[in-house]
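Encoded as structure tokens, the structure appears first; notes follow it.
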Amino acid sequence: MTHRKIGYFDVEGTCYVAKPGRWRGKYVISEDGEEISEKLCVTLHENEDDACAEGMRLGILAARQLMKDREGFDPGET
């Protein structure tokens, strides 16, 4: 699992075994310890690292969009 702070939000990228030999990414966005968004990725990957990376990438994009919607600016990937 990886973690990144985007604006007010904490983004966790993770993955799970979707079926034997295939991994699916997932992300969770939270604020002050409260989960506000969770999403499973669509793509099945052959390895855990690629699936987790996809979950993190999509989570960052979603958190950046939440910041734009809420505060009117994009904080970038910091």
Side-chain angles (χ1 to χ4, degrees):
M1 177 185 347
T2 56
H3 175 267
R4 180 97 41 96
K5 184 86 168 167
I6 304 293
Y8 301 131
F9 305 111
D10 293 307
V11 180
E12 293 179 11
T14 186
C15 61
Y16 66 97
V17 176
K19 63 182 190 177
R22 298 290 183 173
W23 296 81
R24 187 179 305 269
K26 173 184 170 181
Y27 69 78
V28 176
I29 300 173
S30 57
E31 182 179 19
D32 297 329
E34 185 177 326
E35 184 180 307
I36 30 178
S37 181
E38 174 183 48
K39 184 168 183 168
L40 302 175
C41 302
V42 175
T43 306
L44 291 177
H45 296 273
E46 292 185 14
N47 65 65
E48 184 178 2
D49 290 340
D50 289 347
C52 289
E54 180 188 31
M56 191 70 213
R57 183 175 43 79
L58 294 178
I60 288 170
L61 292 173
R64 289 174 67 182
Q65 185 60 50
L66 284 171
M67 281 298 293
K68 280 188 213 176
D69 294 345
R70 179 193 263 184
E71 300 296 326
F73 73 93
D74 181 347
E77 290 191 26
T78 56

Side-chain heavy atoms nearer than 4.5 Å, only ILVMFWY residues, links allowed to pass through others: does that put Ile6 and Phe73 together? yes
Ignoring hydrogens and geometry, is there a side-chain-to-backbone donor-acceptor pair from Arg24 to Cys41 under 3.5 Å? yes
Please report the C-alpha distance between Val11 and His3 in whole Å, then the side-chain angles of each, then the deciding distance to 0.1 Å, and finally whether the side-chain contact (heavy atoms from CB on, under 4.5 Å) criterion is met. CA-CA 6 Å; Val11 180; His3 175 267; over 6 Å; no
With clusters defined by side-chain heavy atoms of hydrophobic residues (ILVMFWY) lying less than 4.5 Å apart, directly or transitively, does Met56 cluster with Met67? yes
One pair to check against side-chain contact (heavy atoms from CB on, under 4.5 Å): Glu38 and Lys26. What are the steps and the verdict? CA-CA 7 Å; Glu38 174 183 48; Lys26 173 184 170 181; 2.7 Å; yes
For the residue pair Thr14 and Tyr27, establish whether any side-chain heavy-atom pair is separated by less than 4.5 Å. no
Are Phe9 and Ile36 side-chain neighbours, meaning at least one heavy-atom pair lies under 4.5 Å? yes
Decide side-chain contact (heavy atoms from CB on, under 4.5 Å) for Arg70 and Tyr8; before the verdict, give the C-alpha distance in whole Å, the side-chain angles of both, and the deciding distance to 0.1 Å. CA-CA 10 Å; Arg70 179 193 263 184; Tyr8 301 131; 3.4 Å; yes
What's the spacing between Asp69 CG and Asp74 CG if we round to 0.5 Å? 10.5 Å
Please give me the minimum heavy-atom distance between Asp50 and Asn47, naming the atom from each residue. N-OD1, 2.8 Å
Rounded to the nearest 0.5 Å, how far does CD1 of Ile60 lie from NZ of Lys5? 13.5 Å
Answer yes or no: is there a side-chain heavy-atom contact under 4.5 Å between Trp23 and Glu46? no
Just so I know, are the side chains of Ile29 and Leu66 near enough to count as touching, which here means a heavy-atom distance under 4.5 Å? yes
Atom pair SG (Cys15) and CD (Glu48), whose distance is rounded to the nearest 0.5 Å: 4.5 Å
Test item: Leu40 and Tyr16 side chains (from C-beta on) under 4.5 Å apart, heavy atoms: yes
Answer yes or no: does atom CG of Asp32 have more than 12 heavy-atom neighbours from other residues, nucleotides or ligands under 6.0 Å? no
Check the pair Glu31 / Asp10 against side-chain contact (heavy atoms from CB on, under 4.5 Å), numbers first and verdict last. CA-CA 6 Å; Glu31 182 179 19; Asp10 293 307; over 6 Å; no
